[in-house]
Every structure is written in C-alpha cells, then in structure tokens.
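In what follows, a single structure is set out as structure tokens and then discussed.
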Amino acid sequence: MSTTNPTPLWQPDPERVARARITMFQAWAAEQHGAPADGGYAALHRWSVDQLDTFWQAVTEWFDVRFSTPYARVLGKSTMPGAEWFPGATLNYAEHALRAADTRADEPALLHVDETHEPRPVTWSELRRQVGSLAAQLRALGVRPGDRVSGYLPNVPQAVVALLATAAVGGVWTSCAPDFGARSVLDRFQQVEPVVLFTVDGYRYGGKEHDRRDTVSELRRELPTLRAVVHIPLLGTEPPEGALEWSALTSADVAPVYEQVAFDHPLWVLYSSGTTGLPKAIVQSQGGILVEHLKQLGLHCDLGPEDRFFWYTSTGWMMWNFLVSGLLTGTTIVLYDGSPGYPDTGAQWRIAERTGATLFGTSAAYVMACRKADVHPARDFDLSKVQCVATTGSPLPPDGFRWLHDEFAESGAALWIASVSGGTDVCSCFAGAVPTLPVHIGELQAPGLGTDLQSWDPSGNPLVDEVGELVVTTPMPSMPIHFWNDPDGSRYHDSYFDTYPGVWRHGDWITLTSRGSVIIHGRSDSTLNRQGVRMGSADIYEAVERLPEIKESLVIGVEEPDGGYWMPLFVHLAPGAVLDEALLNRIKKTIREQLSPRHVPDEVIEVPGIPHTLTGKRIEVPVKRLLQGSPLDKAVNPGSIDNLDLLHFYEELARTRA
C-alpha cells in the first residue's frame with residue numbers, strides 16, 4: 001500500500017513550509033516546551049500525542065486563550081470516556097470568536113452569498129454589535145446558562161449571530177437546516193427541550209422559494225418548552241402571531257457580555273444520523289471546541305486574518321459549526337445559502353472567485369460532479385487566491401486528486417489538495433490537512449496533532465499498510481462531554497468504546513501507511529453518508545413504511561470505486577401491491593416531504609423479502625458488503641441470519657451491476 005503512489009502529487013516549496021503557522025508553532029514549542037525542533041511534522045505529531053498535556057498547554061498559549069479563571073492542570077482524568085480537560089478553568093467561546101473586532105472593526109467577518117452569487121459583507125464591528133444586542137435580549141427572555149436555544153435556519157448571517165449570542169450567555173445552541181421536515185427536526189429538538197426557537201419563514205434553493213411556515217407552526221405546537229419564537233423573514237412574510245421580530249432583537253448598540261463558564265460547559269448539541277432509533281444528541285464543550293478548532297483551523301488549515309474561508313455546508317451538518325469557528329482565527333468566513341450546483345455545476349467555483357476564498361472546502365462528490373460535467377474551474381474562474389481545496393463527506397477518489405491537480409496546473413498553480421476525515425462526534429478531523437507535507441494521490445496527508453490515530457485489527461493490534469478499524473487511543477478535547485438524556489453514559493459508551501474498552505472506535509475502515517499518510521475506505525458500520533451528510537436509515541424506514549403498500553424496506557449507502565455514492569431503497573411490498581410509477585412517486589414524495597430531498601434514494605428496487613438477524617434486526621452491513629462485491633461467506637455469518645436465501649437476491653444484483 002505504501003508504495004502505490006511513491007511520487008507526491010504536490011510538494012510544498014521551502015518558502016511555503018517556512019511561512020506555515022505550524023512551522024512557526026513547532027519552533028516556538030521547541031523553545032518553550034521541549035518539542036522536537038527537527039524531524040518535521042512526524043516528530044511534532046509524535047510529541048503531541050506522547051506529551052498530550054504539554055501539547056494542549058502549548059496550543060492555549062500560542063493562540064492566547066483567555067482563561068478568566070486559571071486551570072489547575074491540563075488533563076485531570078485522562079481515561080476514556082470521561083476525560084477531564086482544564087479543570088477549574090473558565091472562559092467563553094463567543095468572546096474568542098469576536099475578538100478580531102478589537103483590531104479589524106471595519107473589515108468583513110462574514111461574506112454572505114445566496115444564489116445571486118453576490119457577496120454581502122458583515123463587518124466585525126457589526127457582527128459584535130448584533131451579538132451584543134441579541135445576547136442582552138436572550139437574557140431578558142430569561143435564557144440562563146445551560147438553557148437550549150434552537151435554530152431552524154439556513155446558512156445565513158442570522159444563524160451565526162444566534163449561535164454566538166447563545167454562547168455568550170452560556171446557553172446551548174442546536175440547529176437544523178430548513179430542508180429538514182418537521183418529524184426530523186422534532187426527533188432532534190424534542191430531546192433537548194429548547195426554550196427559544198429562531199426560524200425562517202422559508203428558504204431559496206435551486207432558483208425556487210420553499211415556504212416553511214406550516215412546518216414552523218408544527219414545531220411550535222410540538223415543542224412545549226418554547227418561551228419565545230424569533231421570526232426571520234427570509235421570504236419577506238410578516239411574523240406569525242406571538243413571534244418576535246429578528247430586527248427588533250438585534251437593533252441595539254450593545255457590547256456583548258460574555259458569561260464565563262467552565263471549560264467543559266456545553267456549547268452546542270449536534271446529532272448523529274439515527275441509524276437504530278432517535279439520533280444521538282451529542283454534546284460538546286465550550287473549551288473543548290475552542291482549543292480543538294484553534295488547532296485544526298489555525299495550524300492544520302493554516303488560516304489567519306488575511307484568509308477567506310469557504311465550505312459548502314448547511315446548518316444541519318457539523319461542517320457549519322466548523323466553518324463558524326473560522327472566526328476564532330480572525331478569518332473572514334463565507335456563508336453560502338443555496339444549491340451547490342445552481343444555476344450550473346460551476347456555482348461553487350464562482351462563489352470562490354467572487355469572495356476571494358483562500359481555503360475552498362467542498363464535498364468529494366462535488367469535485368467528481370465537476371469532473372464529469374467537464375467544468376474547468378481554474379480556466380473559467382479567477383481562482384488565483386485559492387491556496388487549498390479541501391474535501392470531506394467521503395474519501396476523494398484518486399481521479400479527483402488528479403483532476404483537481406491538473407485543472408489548476410494548467411493555469412500555472414500548484415494546488416494544495418487536502419482530503420480530510422473526521423466526524424460529527426468530535427466536530428473535527430482525525431486526519432487531513434498539513435501545509436508542510438506532500439500530497440499523495442488518494443491519501444490524507446497525516447493524522448492531526450494531539451490525535452493518536454491508529455488502525456486496529458479485531459483483536460486490538462495496530463496495523464500499518466493494512467486495512468483496519470479507525471481508533472483513537474488518547475482523548476481529544478472536542479470528544480463529547482456526554483449525550484443528552486444518557487444519565488448513566490451507557491449509550492455514549494456503547495457508541496464508541498464497546499469494541500475496544502477505553503479506546504475510541506469510530507466506524508471507518510482506514511489504512512495508516514508506512515509513510516505516515518492515511519487512506520479512508522468508507523464506513524465500517526451502516527450509517528448512510530451522502531454528500532457529507534450522515535443520515536439514519538431508521539428515519540427512512542419510519543417514513544416509507546407508513547405507506548400501506550410497503551411491508552418493509554431496507555436502505556443502503558454504497559461507496560463506489562469511481563467516487564460515486566449509490567443509495568438504493570429496497571422495498572418488500574404488501575400482498576397485492578405493485579411498484580408502478582404512481583407508488584414510486586409517492587415513496588419519493590413521502591421521503592422528500594417528511595425527511596429531506598437528500599434522503600431520497602437513487603433507486604427503489606422491489607425485493608422478495610428483507611433479511612434479518614435471528615433477533616429480528618434488519619441486516620444493513622452484510623447487504624452493503626454484498627453490493628460492494630464481497631462473497632456471501634465473507635459478508636455475513638450464515639448462522640446469524642433468519643433467511644439466508646434472501647441474500648442471494650443482493651448477491652445477484654451486485655453481479656449484474658459489476
């Protein structure tokens with residue numbers, strides 16, 4: 001494996017290496033904390049995981065983290081789960097996100113772009129003023145530290161203001177994108193019982209307006225803990241009865257008051273895909289996210305005040321939270337609210353051109369779609385400011401690396417391509433961008449600093465140049481402090497620590513190469529992961545199986561060798577039902593309306609039956625393995641299946657598709 005691509009696709013020149021923030025950090029950490037001055041990134045990484053306490057202390061000093069109360073030590077309890085970071089310390093995430101306003105008041109903090117592709121700036125001083133005004137109003141509404149504040153919002157400046165104001169008062173933020181149907185939103189928000197809901201009247205996508213007022217009415221009815229609803233008239237409608245107006249809450253000229261909270265005070269709740277039931281409500285801390293994102297964005301992504309940071313995302317995906325954290329490094333962040341391919345496939349590149357993006361983040365699927373559509377980004381757009389194209393959501397295939405490299409090389413640019421991989425669970429990257437390392441085709445550059453990433457076999461033995469389970473053997477500050485409504489921690493434990501006690505198992509197949517790079521092979525569990533958005537099969541089953549014609553269903557997400565992602569829905573019909581055009585359309589309409597357009601499958605296929613375990617659970621992973629070409633005896637333990645004959649259908653389907 002390690003000799004597959006011996007020649008790097010890209011190598012940073014000495015000047016780039018010298019000016020990289022990670023190079024300066026290493027020299028400073030060598031002088032101040034005994035980090036290795038020589039040996040490059042590999043030596044720095046080894047030190048960062050061997051001397052975990054010292055490394056994270058160095059990160060807080062390098063980035064001037066403002067502790068209003070000092071910490072007793074860096075790492076109290078170090079076992080997983082339950083590691084204790086910086087016990088005794090107090091701080092505030094929003095205070096750090098807005099401190100560039102002190103020195104760069106009139107420069108843009110945000111560039112908001114919709115489907116007109118015309119950027120509209122929000123300055124640092126204006127952002128801070130709005131946050132100050134809204135935070136004061138939240139306190140007036142009775143929002144106290146620990147209270148949950150929710151957003152049903154697209155990727156617009158109001159969402160950033162609401163998150164930061166919530167953090168400023170010590171509240172706990174949580175959001176869903178407005179293309180989520182009411183049931184999907186309620187499955188998430190009902191768990192955390194928000195006291196305030198920020199909501200739009202609708203959104204624009206693909207050149208059309210989508211009215212969400214009926215959904216908002218349902219959310220208001222079904223969230224009895226709400227004390228206030230704030231109306232943001234994106235489509236220009238009047239506020240519904242009893243709702244507050246956004247403009248009234250953000251009009252005062254008030255400096256933010258930042259509640260000083262414990263390092264492990266909750267910052268936000270993110271959600272898993274809900275494969276086996278309700279989505280897990282993942283709680284991450286103000287301090288843990290602050291230091292992890294400073295490291296990831298300021299060192300790995302090499303972002304600073306002169307940069308403009310774009311990532312195509314929605315507020316229902318962790319990459320939105322990650323994008324907002326670009327403010328921590330004084331970077332201007334680009335918020336795009338719209339379709340990734342409207343009015344044409346080149347849309348995201350046009351946004352990069354018009355905003356002067358220096359770090360351009362997108363999905364591997366978008367890169368491959370551009371290649372297929374014969375888009376020529378560096379030829380057709382002025383992308384001279386772009387220093388790095390980063391991808392996530394799924395592994396970037398080798399052809400994607402080559403295509404990006406060649407497209408930019410034709411214009412004379414040597415492009416840093418950063419394929420990164422992490423998860424909602426840590427709201428960060430386990431492996432990916434390192435500005436001082438070469439890029440090899442099909443590989444992530446290296447594991448992240450402070451992340452003891454390993455590949456393990458089923459017995460817990462480390463592997464090199466072989467496929468194994470992605471594990472992290474030491475704690476990361478952004479790991480969840482807990483799940484909501486998981487009082488004894490059992491669900492948290494079972495999600496990550498059941499396979500290897502005390503070691504985080506993430507659910508990805510990876511190879512760590514002997515050169516230190518990382519190859520991601522896709523999910524080792526059955527989570528659906530489409531365009532970077534993880535979705536639960538349980539949500540789809542619940543919606544589809546309400547239709548009387550559907551006896552049972554099975555949905556699978558298959559990563560394909562060319563970088564595509566095939567998501568078929570298999571349906572076992574009720575007696576007498578026929579999978580005609582009318583039923584096909586009703587299935588798709590049901591999924592689109594009750595969940596989201598992203599949940600709509602690529603194909604709906606009638607099957608003779610759905611296979612189960614002996615305890616009655618649908619088997620998703622073995623079917624996925626069959627569809628990826630694994631032989632039956634390798635894909636499943638025959639003794640665990642209720643009807644082995646049903647698997648022959650999927651085996652035959654894989655053969656015909658191959």
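Along the sequence shown, residues are numbered consecutively beginning with 1.
One distance of note links OG1 of Thr345 with CD of Gln348; it measures 10.0 Å at 0.5 Å rounding. Taken from SG in Cys427 to CD1 in Ile289, the straight-line distance is 4.5 Å, to the nearest 0.5 Å. For the atom pair CZ (Arg598) and CH2 (Trp317), the distance works out to 9.0 Å, reported to the nearest 0.5 Å. Of the inter-residue distances, the one linking Arg212 atom CZ with Phe180 atom CZ reads 11.0 Å to the nearest 0.5 angstrom. The line from CG of Leu644 to CG of Leu632 is 5.5 Å long, rounded to the nearest 0.5 Å. Atom OG in Ser517 sits 7.0 Å away from atom NE2 in His440 (nearest 0.5 Å).
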*asked:* Using salt bridge (Lys or Arg N to Asp or Glu O under 4.0 Å), reason through Glu549 and Arg586 one step at a time and then give a plain yes or no.
replied: CA-CA 10 Å; Glu549 296 91 344; Arg586 278 207 300 134; 2.2 Å; yes

*Apply side chain to side chain contact (heavy atoms under 4.5 Å, CB included) to the pair Glu443 and Ile441, showing each step before the final yes or no.*
CA-CA 6 Å; Glu443 300 176 13; Ile441 290 174; over 6 Å; no

*Apply salt bridge (Lys or Arg N to Asp or Glu O under 4.0 Å) to Arg491 and Asp494, showing your working.*
CA-CA 5 Å; Arg491 197 175 182 207; Asp494 293 350; over 6 Å; no

*Check the pair Ser553 / Glu545 against side chain to side chain donor-acceptor pair (under 3.5 Å), numbers first and verdict last.*
CA-CA 7 Å; Ser553 58; Glu545 288 168 18; 2.7 Å; yes

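Using a cutoff of 4.0 Å between basic side-chain nitrogens and carboxylate oxygens, Glu222 and Arg188 are not scored as salt-bridged. Salt-bridge formation is detected for the pair Lys589/Glu593: a Lys NZ or Arg NE/NH1/NH2 atom is positioned less than 4.0 Å from an Asp or Glu carboxylate oxygen. Ion pair Glu651/Arg625 not flagged as a salt bridge, since none of the NZ, NE, NH1 or NH2 atoms sits closer than 4.0 Å to an Asp/Glu carboxylate oxygen. Looking at Glu560 and Arg657, a side-chain N of the basic residue comes within less than 4.0 Å of a carboxylate O on the acidic one, giving a salt bridge. Ion pairing between Arg204 and Asp337 fails under the 4.0 Å rule for side-chain N and carboxylate O.
Classified by interplanar angle (parallel below 30°, tilted 30° to 60°, perpendicular above 60°), the ring pair Tyr203/Tyr205 is perpendicular. The aromatic rings of Tyr312 and Tyr336 lie tilted to each other, with the angle between the two planes from 30° to 60°. Between Trp173 and Trp320, the ring-plane angle classifies as tilted under the 30° and 60° cut-offs.
With hydrogens and angles disregarded, no donor-acceptor distance shorter than 3.5 Å links the side chain of Asp452 to the backbone of Val472. Of the possible donor and acceptor atoms, one in the side chain of Asn485 sits under 3.5 Å from a partner among the backbone N and O of Gln191.
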Can you give the donor-acceptor pairs under 3.5 Å from side chains of residues 569-581 to other protein atoms, not counting sequence neighbours?
unit_1, atom_1, unit_2, atom_2, d
His572, NE2, Pro608, O, 3.2
Asp580, OD1, Ala582, N, 3.4
Asp580, OD1, Leu583, N, 2.9

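You'll find the side chain of His506 stays beyond 4.5 Å of the side chain of Val471, heavy atoms only.
Aromatic rings from His293 and Phe322 are positioned such that their centres are separated by under 6.0 Å.
Applying the side chain to side chain donor-acceptor pair (under 3.5 Å) test to Ser421 and every residue at least two apart in sequence or in another chain returns nothing.
Of the N and O atoms on the side chains of Asn155 and Thr315, not one donor lies less than 3.5 Å from an acceptor on the other residue.
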